[in-house]
J.: 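Take this structure, written in structure tokens, and hold onto it; I'll ask about it next.
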Amino acid sequence: MSEKKKPAQQASSSKEFRANIFEPTEDILKRLKTAVSKQGVKYYTPYILAQELNVRVSVARKILREAEKKGILKLYCGGRRAPIYVPA
């Protein structure tokens, strides 16, 4: 019975390492600003940005929200699952 408890304890400890908090840095926002200024993309969704920056979709959502606060992008259509942002 003690052998069955060990994997459960290891699983709970591994979840602690996965929970890392990401704050969008100025470097990422500058890269986004230059990409927006080139006008290669007419709109941004979390999925498009995640593919472009090679980050997770949840991180891309945070980056898009921060870019909206900074005035780089503007929310065009605010859906819960896939909001669409356009250049400001």
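Note: hydrogens, waters and symmetry copies are ignored here, and every other heavy atom, side chains too, is used.
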J.: Work out which heavy atom in Pro46 is nearest to a heavy atom in Ala60; give both atom names and the distance.
T.: O-CB, 3.3 Å
J.: Would you call Pro83 and Cys77 a side-chain contact if the rule is heavy atoms closer than 4.5 Å?
T.: no
J.: Check whether Leu29 and Leu75 end up in the same hydrophobic cluster, where Ile, Leu, Val, Met, Phe, Trp and Tyr are linked by side-chain heavy atoms less than 4.5 Å apart.
T.: yes
J.: Measure the shortest side-chain to side-chain distance between Glu66 and Ile28 over non-hydrogen atoms and say whether it is less than 4.5 angstrom.
T.: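 When only atoms from C-beta onward are counted, Ile28 and Glu66 do not touch, as no gap falls below 4.5 Å.
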J.: List the atom of Gly71, the atom of Ala88, and the distance in Å for their closest heavy-atom pair.
T.: O-CB, 3.3 Å
J.: Does anything in residues 24-36 form a salt bridge (Lys or Arg N to Asp or Glu O under 4.0 Å)? List the pairs, not counting sequence neighbours.
T.: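 Sorted result for residues 24-36: Glu26-Lys70.
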J.: Could you report the tightest heavy-atom contact between Ala67 and Leu32, atom names first, then the distance?
T.: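 Closest pair (atom of Ala67, atom of Leu32, distance): CB-CD2, 3.6 Å.
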J.: Kindly write out the residues that satisfy side chain to side chain contact (heavy atoms under 4.5 Å, CB included) with Tyr43, not counting sequence neighbours, or none if the list is empty.
T.: Thr45, Ile48, Ile84, Val86
J.: If you measure from OH on Tyr76 to NZ on Lys42, what distance do you get to the nearest 0.5 Å?
T.: 12.0 Å
J.: Atom CD in Glu68, atom CG in Leu64: separation rounded to 0.5 Å?
T.: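 So the gap between those two atoms works out to 9.0 Å.
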J.: In the structure I gave you, are the side-chain heavy atoms of Glu52 and Tyr47 within less than 4.5 Å of one another anywhere?
T.: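 Side chain of Glu52 against side chain of Tyr47, heavy atoms only: no contact under 4.5 Å found.
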J.: Could you state whether Leu53 and Val57 fall into the same hydrophobic cluster, counting links through intermediate Ile, Leu, Val, Met, Phe, Trp or Tyr residues with side-chain heavy atoms under 4.5 angstrom apart?
T.: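 No.
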J.: So, using side chain to side chain contact (heavy atoms under 4.5 Å, CB included) as the criterion, who are the partners of Pro87 when residues are at least two apart?
T.: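 Pro87: side chain to side chain contact (heavy atoms under 4.5 Å, CB included) contacts with Val36.
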